[in-house]
Structure formats: C-alpha cells, structure tokens
2 protein chains.
Amino acid sequence: MNKRTVMLFKALGCSWRLKILECLSKGTMCICELDDLFAIDKTTLSRHVKALVHTGLVKENRNGTRKELSIADRRVLEILELAKSITDVPSQELE
Amino acid sequence: MNKRTVMLFKALGCSWRLKILECLSKGTMCICELDDLFAIDKTTLSRHVKALVHTGLVKENRNGTRKELSIADRRVLEILELAKSITDVPSQELE
DNA sequence: AACTTATGTTGCATTGTTGTGCAACAATGA
DNA sequence: TCATTGTTGCACAACAATGCAACATAAGTT
C-alpha cells in the first residue's frame, strides 16, 4: 500500500484540518480569515495548513502578506462526502 | 464536523489497517489468515482489527475459535479507490 | 531610510495519543 | 487435557498536537 495514501488519511484524521477543508470547499480563503473563524492559536493553524499543503490537498498562493489557500484536488471533497455519508448514522450510537 | 468522520479517517491512517481492508475487499477472511499473511505480531493485528470494527468499517462473525471478518460498508472501498487515485502521482515526488 | 502593522513561520518544551511486543489470560473445539 | 485462536494488562517507544516566545516577510507611514 502506498505510503502517500496513508499520509492522506492521516492528514484527514483531524477535526481542525477537516474544518479547514470544508471552508475551502466553498472557495479560496487566506490563513488570517480562517484564524478569525476558528478558536485556535495561529501557530497551530499554520501548522495544520502546512500539513495539508505537504500532502498536496491544499494549494497556497502568496498575495502580499497573505497566503491564499484553495483545494488542490476536488476529489478530496468526494472523499469527505462519502465519509460523512458513512458516518452520519443517527441511530447508531458510538462511544 | 462529525467526530465519527474524524475517527474514520484516523482508522484509515495506518498502513496495516489499509492492508487489512484491501484483503477483505476480495472477500471474507479470518484473523488467523491475515496473521499468516502479514509479518506482524498477532497482538498488534488483533488491536488493528478491533479499531476497524470499532469504527464500523469491518464486521466480525464468530465461527468456532475463529473470527470471520468482512467489510461492513462497501463505500469505504470507494474512498480507498479515490484516495489511491489522488496519491498515485508517479511524477510528483514527496518527502 | 527607519518605524509600524499585518501576516505567517520556527524552535522549544510540554502534554497527549498511538503503536508495539511480551506475558498471561479466555474461549472454543478436538 | 491440549491445540488453536484471539484478547487484555503492562511498559515502553514513537509520534502528533499545542502554546509561548521569537523571528521573518511584505507593505504601508513618517
């Protein structure tokens, strides 16, 4: 099994990073906009973004002092939708 | 974002567990068969299986002293295929 | 030019989580 | 009883997430 596939899933196994991807699914955003949205230290946010970029899920584009982020591969959104459809099982309690 | 979605991706972020799912995608197998196939301690294997069952990706069915395993939701296989199609990019080196 | 603001990153220490193997145990069936 | 199959408790190692302080970079101000 491909190591990069494992890396992809590791990158998706974090609620902050899923939140970031959900925001970006609606369009381009910069890190500072995400920072305003999330109750999270910007250091931590920066590192989560770095992880998403490193796995190739997110593209970044410098714009002045800002970094514009966008989804690099729309197929990731298909994965997210499938995953949500699997886990949205109200009748089945977990934990 | 749903906690169970995060759990699902965490469960997929491990090469042993992906290997197990790939084996099960071809049909039912018991843990001891997987144990013969993989160079891994049975303790560890048992725990990986437990994780897959706990997230609802794998079903188990006792059969004598054996536990027959099978994929609980075929949509997981769609996720795996999508993920592989994203990460199978020979031209793009990573690491 | 020097100063300031806005934005984002890195180094470090700390904490929390996950993976692992050994030994012991439990359950089933011959 | 014995073999087969699988699990659990424990300890340890490896990895990942976090926040603070300090730094870097770009652009605007004086």
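Chain naming here is simple, since letters A, B, ... match the order of the sequence lines and numbering starts at 1 in each. All heavy atoms count here, side chains included; hydrogens, waters and symmetry mates do not.
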Fill in the blank from the handout: Looking only at dA17(D), dG6(D), dG9(D), the nucleotide nearest the Cys14(A) side chain is dA17(D)
Exercise for the section: Show your reasoning for whether side-chain contact (heavy atoms from CB on, under 4.5 Å) applies to Lys84(A) and Glu22(A). Expected result: CA-CA 12 Å; Lys84(A) 278 195 276 185; Glu22(A) 288 212 321; 2.8 Å; yes
Fill in the blank from the handout: Rounded to whole Å, the NE2-P distance (His48(A) to dA17(D)) equals 6 Å
Practice task
Ignoring hydrogens and angles, state whether a donor on the side chain of Thr28(A) or Ser70(A) is under 3.5 Å from an acceptor on the partner side chain.
Solution key: no
Problem - Side-chain N,O (Lys10(A)) to OP1/OP2 (dT18(C)) below 4.0 Å - result: no
Handout entry: Out of dT18(D), dC22(C), dG8(C), whichever nucleotide has its closest atom nearest the side chain of Cys32(A)
Key = dG8(C)
Practice task
Report the relative orientation of the aromatic rings in Phe9(A) and Phe9(B); use parallel for angles under 30°, tilted for 30 to 60°, perpendicular for over 60°.
Solution key: parallel
Practice task
Starting at atom CG of Asp41(B), determine the distance to atom P of dT18(C), rounded to an integer number of angstrom.
Solution key: 20 Å
Problem - Lys3(B) NZ to Lys10(B) NZ distance, which is reported to the nearest 0.5 Å - result: 10.5 Å
Practice task
Tell me, please, which residues at least two apart from Thr65(B) pass side-chain contact (heavy atoms from CB on, under 4.5 Å).
Solution key: none
Handout entry: Nearest listed nucleotide, side chain of Arg66(B), among dT5(D), dC20(D), dT7(C)
Key = dT5(D)
Problem - Listed partners of Asn61(A) passing side-chain contact (heavy atoms from CB on, under 4.5 Å), at least two apart - result: Glu68(A)
Handout entry: Atom pair distance, as rounded to whole Å: CG in Asp36(B) and P in dT4(D)
Key = 12 Å
Exercise for the section: Take atom CD1 of Ile40(B) and atom P of dT7(D), then tell me their distance rounded to the nearest Å. Expected result: 13 Å
Handout entry: Minimum-distance nucleotide to Arg17(A) side chain [options: dT7(D), dT10(C), dA17(D)]
Key = dA17(D)
Handout entry: Length of the line joining Leu52(B):CG and dT7(D):P, which is rounded to integer Å
Key = 12 Å
Exercise for the section: Send over the distance from Asp35(B) CG to dA3(D) P, rounded to a whole Å. Expected result: 19 Å
Exercise for the section: Name the closest nucleotide to the Lys67(A) side chain, picking from dT9(C), dT8(D), dT7(C). Expected result: dT9(C)
Exercise for the section: Could you tell me the separation between the CZ atom of Phe38(A) and the C1' atom of dA17(D), rounded to a whole number of Å? Expected result: 16 Å
Practice task
Provide, to the nearest angstrom, the distance between the NE2 atom belonging to His54(A) and the P atom belonging to dA17(D).
Solution key: 14 Å
Completion exercise
By nearest-nucleotide position on DNA chain D, the 5'-leaning member of Arg47(A) and Leu45(B) is Leu45(B)
Handout entry: side-chain N/O Thr44(B) vs dG21(C) OP1/OP2, d < 4.0 Å
Key = yes
Handout entry: Identified side chain to side chain contact (heavy atoms under 4.5 Å, CB included) counterpart of Leu24(B) within the set Leu52(B), Ile71(B), Val76(B)
Key = Ile71(B)
Completion exercise
The contact string for nucleotides 25-30 of chain C, one letter per nucleotide 5' to 3', using protein heavy atoms under 4.0 Å with B, S and - for base, sugar-phosphate only and none, comes out as ---BS-
